[in-house]
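Residue numbers begin at 1 in each chain, while the letters A, B, ... track the order of the sequences.
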Protein chains: 2
Amino acid sequence: MKHIGSPKLTVAVDCIVFGFDGFNLKLLLIKRALQPQQNKWSLMGGFVNESEGVDEAASRILQTLTGLTGVYLEQLHVFGGVDRDTTERTISVAYFALIDIERYKLQLSHEYAAEWFPVQSTPKLIFDHDQMVEAAKKKLQYKAALHPILFELLPSKFTIPQIQSMYDAIYNVSFDKRNFSRKLLSTGLLIKLNEKDKLGSKKGAFYYTLNKDKYQQNLYKILGLIIAPEHLQLL
Amino acid sequence: MKHIGSPKLTVAVDCIVFGFDGFNLKLLLIKRALQPQQNKWSLMGGFVNESEGVDEAASRILQTLTGLTGVYLEQLHVFGGVDRDTTERTISVAYFALIDIERYKLQLSHEYAAEWFPVQSTPKLIFDHDQMVEAAKKKLQYKAALHPILFELLPSKFTIPQIQSMYDAIYNVSFDKRNFSRKLLSTGLLIKLNEKDKLGSKKGAFYYTLNKDKYQQNLYKILGLIIAPEHLQLL
DNA sequence: ACAAAAGTGTTGTCCTTACACCCATGT
DNA sequence: ACATGGGTGTAAGGACAACACTTTTGT
């Protein structure tokens with residue numbers, strides 16, 4: 001192979017953003033402003049420029065389309081098939097993010113065409129974006145079984161029943177509440193507050209906050225959290 | 001944003017190939033044939049063409065440089081920093097693979113400039129390839145703790161002590177041989193043969209083969225194999 | 001007073017770990 | 001006969017799952 005000019009390709013980034021509103025797991029989608037496929041729903045996507053890193057491009061694109069800043073984005077997978085984009089040959093680096101819907105409610109204002117959809121009932125998306133979402137859901141289930149990442153989805157104050165409904169939603173099961181709360185509290189990641197949330201029940205449920213120091217330390221650890229690894233059927 | 005021509009970038013692929021020779025975990029490297037950085041050691045890399053998928057490009061490049069075919073390659077990560085390639089702006093999709101060194105010994109003949117290095121003593125590699133190798137080692141440790149993937153590294157016949165020395169090598173520890181073999185056998189993935197390997201000891205160790213059907217079924221499962229998740233300190 | 005969800009306690013089972021001995025064989 | 005690594009057995013402790021009842025309060 002000689003040193004001729006190397007081939008150049010269009011490189012895109014697409015962001016899968018998950019959120020939780022206290023009841024349902026949701027997905028952030030946007031109505032495409034540009035051709036082709038105008039007005040169809042899609043993930044937040046855009047092209048990587050010559051002058052920026054791929055990770056930076058992802059942050060920039062997410063911010064441009066939704067106003068969201070400071071969101072932790074993680075690489076998911078490269079979708080590089082020849083025919084994935086029907087218009088021109090494009091490879092796409094997919095990213096995914098978890099955010100607390102309430103916290104970003106203001107940032108995600110009506111200036112933007114982005115909207116939350118329950119993950120069970122999303123519209124048909126353009127290109128191979130549905131595949132990307134599927135891959136992201138699997139990765140979320142996989143990681144959440146081992147790492148306490150789902151706290152990213154929660155507001156700064158939350159109750160244990162709220163967390164459980166999130167786990168229940170993500171795994172489509174309902175965990176035993178006694179064992180669930182015991183396991184959760186045993187991590188030492190939660191700090192009990194003296195306040196109660198009275199919306200979900202008559203009795204009210206105590207609020208907790210995240211012990212942030214401990215959370216940071218445990219992010220890179222594996223916790224065997226909540227769901228028994230043997231019950232997972234994913235890669 | 002208007003629909004102007006989208007920016008185009010050079011997209012490369014780099015392959016990190018792990019192997020095991022019965023004693024040490026090894027890494028396949030190649031002496032670079034082309035400018036720049038000629039004659040320096042590097043991963044197997046090349047450019048993605050307009051007409052091929054990224055995954056296909058990875059297979060093609062690995063085959064071109066080493067003769068290896070039919071190797072399972074898995075996406076590792078995209079390295080997309082602006083300055084990672086000192087020559088021109090290039091993004092690289094890194095792949096990693098596990099192979100049984102003996103099995104591919106013939107394919108990997110002297111026509112090719114690829115060589116095996118013990119992972120502990122690899123030469124300095126070009127660009128950010130050392131970072132890629134680090135990331136691949138972590139991923140290997142991570143995945144191997146949960147999935148029985150390390151069998152990919154083993155020849156069709158192998159002994160339990162051999163497997164253990166592989167795990168010991170990968171995690172830099174020495175597991176208790178009694179608990180190790182019990183745990184391993186409890187997976188039901190191994191079939192005992194009537195042959196013994198007499199090279200490693202006077203007594204000789206029984207050979208086993210992989211129960212392939214069961215292995216395929218379990219690949220997508222999580223097994224909590226060998227090392228206790230709590231002891232892992234990796235992401 | 002009753003319905004509805006929160007919260008807490010116990011027990012048995014299984015899995016994991018730690019540890020000690022015997023076995024087969026080449027020299 | 002002895003040294004070397006291979007192979008097995010067991011008992012104690014810890015983690016997990018299954019399960020039932022009391023508490024609080026809005027209506």
**Item:** Length of the line joining B/Glu195:CD and C/dA24:P, which is rounded to integer Å
**Value:** 19 Å
**Prompt:** To the side chain of B/Ser201, which of C/dA6, D/dG6, C/dT8 is closest?
**Reply:** D/dG6
**Between P of C/dA18 and CZ of B/Phe175, the distance in whole Å** = 12 Å
**Whether B/Tyr171 and B/Tyr167 hold their rings parallel, tilted or perpendicular, with breakpoints at 30° and 60°** = parallel
**Request:** Whole angstrom is fine here: how far is it from CG in B/Asp197 over to P in D/dG5?
**Result:** 13 Å
**Item:** Any donor-acceptor N/O pair under 3.5 Å between C/dG7 base and A/Lys177 side chain
**Value:** yes
**Complete:** Separation of D/dC19 atom P from A/Arg182 atom CZ, nearest Å, is 14 Å
**Request:** Consider the side chain of A/Lys183, meaning its heavy atoms from C-beta on, and name the nucleotide among C/dT17, D/dC16, D/dG5 that approaches it most closely.
**Result:** D/dC16
**Prompt:** Is the backbone N or O of A/Val93 less than 3.5 Å from a side-chain atom of A/Gln75, with the two atoms forming a donor-acceptor pair by type?
**Reply:** no
**Prompt:** Just wondering, more than 12 heavy atoms not from B/Lys212 lying within 6.0 Å of its NZ?
**Reply:** no
**Prompt:** What's the spacing between B/Ile16 CD1 and B/Leu73 CG if we round to 0.5 Å?
**Reply:** 10.0 Å
**5'-most by nearest nucleotide on DNA chain C - A/Gln162 or B/Lys198** = A/Gln162
**Request:** Specify the separation, in whole Å, of atom CZ of A/Phe180 and atom P of D/dA18.
**Result:** 16 Å
**Asked** Pick the nucleotide of DNA chain C nearest each of B/Asp176 and B/Lys196; which residue has the one closer to the 5' end?
**Response** B/Asp176
**Asked** Is there a donor and acceptor pair, one atom on the side chain of B/Arg178 and one on the base of C/dA20, closer than 3.5 Å?
**Response** yes
**Message:** Angle between ring planes, B/Phe151 versus B/Phe158, binned at 30° and 60°: parallel, tilted or perpendicular?
**Reply:** tilted
**B/Ser181, nearest nucleotide to its side chain (from D/dG7, C/dA18, D/dT8)** = D/dT8
**Nucleotide D/dG5, atom C1' - distance to CZ of B/Phe23 in whole Å** = 13 Å
**Prompt:** Between D/dG6 atom P and B/Gln164 atom CD, what is the distance in whole Å?
**Reply:** 9 Å
**Asked** Side-chain donor or acceptor of B/Lys203 under 3.5 Å from a matching atom on the base of C/dA24?
**Response** no
